[in-house]
Peer 1: 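Once you've had a glance at the structure underneath, I'll fire off some questions.
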Amino acid sequence: MAISLSEFPPSDLASFLRLCDGEWLTVRSRFELQNTGSDDANPTPPAEAELEASAGPASQGPFGGDDPGPTASEPQEQWHDSARGALLVTYLEPGEPHEPGALQVTPPALDSRAATPQRLHFQAGGGFERKDQAGNALSHGTWQLWSDGSMELAQNGADSVVWERIWFTKPNLRLRSSVEHGRDGSPCRASFSSEIRRVSRPAP
């Protein structure tokens with residue numbers, strides 16, 4: 001997709017979503033903020049970036065990422081880890097002229113298993129809905145585009161709330177930060193991603 005520098009930074013949601021279109025080489029650092037202990041005292045929610053249809057949608061973040069975090073049955077032996085992979089984001093034109101459009105997000109493959117694409121459908125009124133390939137709703141949340149060109153997403157789950165902020169420093173360099181809190185306000189995890197767009201060389 002050709003990127004117009006005259007549209008940078010994006011001034012409306014549709015322009016922001018179009019700028020997200022492409023294949024991104026992402027490097028993510030994740031921080032586990034919970035204290036270790038029994039599963040009942042410190043339940044571990046699904047990873048912020050896990051977008052597989054088999055995972056519970058309640059506390060997943062809206063955007064794709066790299067790999068799932070430790071499950072409730074696995075000990076949290078590391079408080080920090082980093083991972084990298086290729087994240088494919090496809091912009092989908094809206095069905096109605098007044099709507100901003102949608103994104104199809106395909107996270108990196110996990111353990112040689114192909115990742116399952118999912119879609120984020122944005123509404124002009126400030127909401128979004130995450131759906132699987134069959135169109136089944138998985139979760140919902142709200143979006144806000146700030147004057148500096150960054151977008152903030154808030155996704156409510158049964159047990160946690162995920163806040164994700166996405167911004168571009170250049171048309172081909174995107175940054176994301178995400179923080180997840182439990183319903184009682186306790187911190188669960190945080191992550192930071194640096195993503196570079198893969199650009200094809202022009203034909204000679």
Side-chain angles (χ1 to χ4, degrees), residues 1 16-32 44-72 74 76 78 80-92 101-122 128-141 143 150-157 159-168 172-180 188-200:
M1 183 185 70
F16 188 97
L17 298 180
R18 288 188 175 92
L19 197 59
C20 290
D21 184 284
E23 183 177 0
W24 299 87
L25 302 179
T26 176
V27 178
R28 187 189 66 179
S29 296
R30 185 175 60 233
F31 300 86
E32 297 294 339
T44 303
E48 162 269 334
E50 185 179 4
L51 285 176
E52 290 187 272
S54 59
S59 59
Q60 295 171 355
F63 253 87
D66 306 301
D67 62 334
T71 63
E74 297 172 336
Q76 297 183 21
Q78 295 183 348
H80 166 85
D81 63 56
S82 296
R84 64 182 62 199
L87 177 69
L88 182 61
V89 182
T90 304
Y91 175 72
L92 305 176
L103 294 177
Q104 178 168 289
V105 180
T106 305
L110 302 174
D111 300 326
S112 301
R113 292 178 292 134
T116 303
Q118 294 186 10
R119 294 184 177 184
L120 302 176
H121 293 264
F122 291 84
F128 74 88
E129 191 170 33
R130 188 164 63 92
K131 299 182 179 181
D132 61 18
Q133 287 293 86
N136 301 311
L138 300 176
S139 61
H140 66 276
W143 64 266
S150 65
M151 181 173 68
E152 186 175 74
L153 302 176
Q155 183 173 243
N156 297 312
D159 301 317
S160 65
V161 179
V162 179
W163 294 87
E164 184 162 282
R165 197 175 186 99
I166 308 159
W167 69 100
F168 292 85
N172 293 327
L173 178 59
R174 191 176 78 156
L175 303 176
R176 290 190 290 129
S177 64
S178 178
V179 178
E180 181 180 358
C188 298
R189 68 188 67 216
S191 69
F192 177 80
S193 299
S194 175
E195 300 172 332
I196 299 176
R197 189 193 308 273
R198 178 173 288 175
V199 180
S200 301

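We count residues from 1, following the sequence as given.
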Peer 1: Decide yes or no for F122 and L153: does some side-chain heavy atom of the first lie under 4.5 Å from some side-chain heavy atom of the second?
Peer 2: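 Of all side-chain heavy-atom pairs linking L153 with F122, at least one is under 4.5 Å.
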
Peer 1: Are the side chain of R197 and the backbone N or O of L19 linked by a donor-acceptor pair below 3.5 Å?
Peer 2: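 Yes.
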
Peer 1: Closest heavy-atom contact between A102 and H121?
Peer 2: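 Where A102 meets H121 most closely, the heavy atoms are CB-ND1, 3.8 Å.
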
Peer 1: Please round to the nearest 0.5 Å and tell me the distance separating atom CG of L25 and atom CZ of R84.
Peer 2: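 One gets 9.5 Å once the value is rounded to the nearest 0.5 Å.
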
Peer 1: Determine whether I166 and R174 satisfy the following criterion, side-chain contact (heavy atoms from CB on, under 4.5 Å), listing intermediate values before the conclusion.
Peer 2: CA-CA 7 Å; I166 308 159; R174 191 176 78 156; 3.7 Å; yes

Peer 1: Would you say the side chain of E195 lies within less than 4.5 Å of the side chain of L175, judging by non-hydrogen atoms?
Peer 2: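 The answer is no; the side chains never approach within 4.5 Å.
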
Peer 1: Answer yes or no: are there more than 12 heavy-atom neighbours, outside L173 itself, under 6.0 Å from its atom CG?
Peer 2: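 Counting neighbours around CG of L173, more than 12 heavy atoms of other residues, nucleotides or ligands fall under 6.0 Å, so yes.
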
Peer 1: Looking at side-chain heavy atoms only, is the closest gap between L103 and V89 below 4.5 Å?
Peer 2: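 Yes, at least one pair of side-chain atoms sits under 4.5 Å.
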
Peer 1: Got N172 and V199 here, is their nearest side-chain heavy-atom distance under 4.5 Å?
Peer 2: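 Result yes, sub-4.5 Å side-chain heavy-atom pair found.
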
Peer 1: Just wondering, do R189 and R30 contact through their side chains at under 4.5 Å, heavy atoms?
Peer 2: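 Yes. Closest side-chain heavy atoms under 4.5 Å.
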
Peer 1: Identify, with sequence neighbours excluded, every residue that meets side-chain contact (heavy atoms from CB on, under 4.5 Å) alongside R165.
Peer 2: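 Scan of R165 (side-chain contact (heavy atoms from CB on, under 4.5 Å), adjacent residues dropped) gives W146, D148, S150, E152, W167, S177.
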
Peer 1: Taking the side chain as every heavy atom from C-beta outward, state whether T90 and D21 have any atom pair closer than 4.5 Å.
Peer 2: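 Sidechains of D21 and T90: in contact.
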
Peer 1: Under 4.5 Å between any side-chain heavy atoms of S194 and T26, yes or no?
Peer 2: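 A side-chain contact is absent here, since even the closest heavy-atom pair is not under 4.5 Å.
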
Peer 1: Show your reasoning for whether side-chain contact (heavy atoms from CB on, under 4.5 Å) applies to S178 and V162.
Peer 2: CA-CA 7 Å; S178 178; V162 179; 3.5 Å; yes

Peer 1: Would you name the heavy atoms of P117 and T106 that are closest together and state the gap between them?
Peer 2: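 The answer is CB-OG1, 3.4 Å.
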
Peer 1: Would you say the side-chain atoms of S191 and R28 include a donor-acceptor pair closer than 3.5 Å?
Peer 2: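 R28 and S191 do not have a side-chain donor-acceptor pair below 3.5 Å.
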
Peer 1: Is the W24 ring parallel, tilted or perpendicular to the F168 ring (thresholds 30°, 60°)?
Peer 2: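 Plane angle between 30° and 60°, so tilted.
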
Peer 1: Report the C-alpha distance between V105 and Q118 in whole Å, list the side-chain angles of each, state the deciding distance to 0.1 Å, and finish with yes or no for side-chain contact (heavy atoms from CB on, under 4.5 Å).
Peer 2: CA-CA 5 Å; V105 180; Q118 294 186 10; 5.8 Å; no

Peer 1: Got Q133 and R119 here, is their nearest side-chain heavy-atom distance under 4.5 Å?
Peer 2: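 Answer yes - side chains close enough.
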
Peer 1: List the steps and the verdict of side-chain contact (heavy atoms from CB on, under 4.5 Å) for D159 and E180.
Peer 2: CA-CA 10 Å; D159 301 317; E180 181 180 358; over 6 Å; no

Peer 1: Could you measure the distance from the CG atom of L120 to the CH2 atom of W143? Nearest 0.5 Å is fine.
Peer 2: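 Output value for this atom pair is 13.5 Å.
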
Peer 1: Whether R176 and E164 form a salt bridge (side-chain N of Lys/Arg under 4.0 Å from carboxylate O of Asp/Glu) is what I want to check.
Peer 2: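 Looking at E164 and R176, the cut-off is met.
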
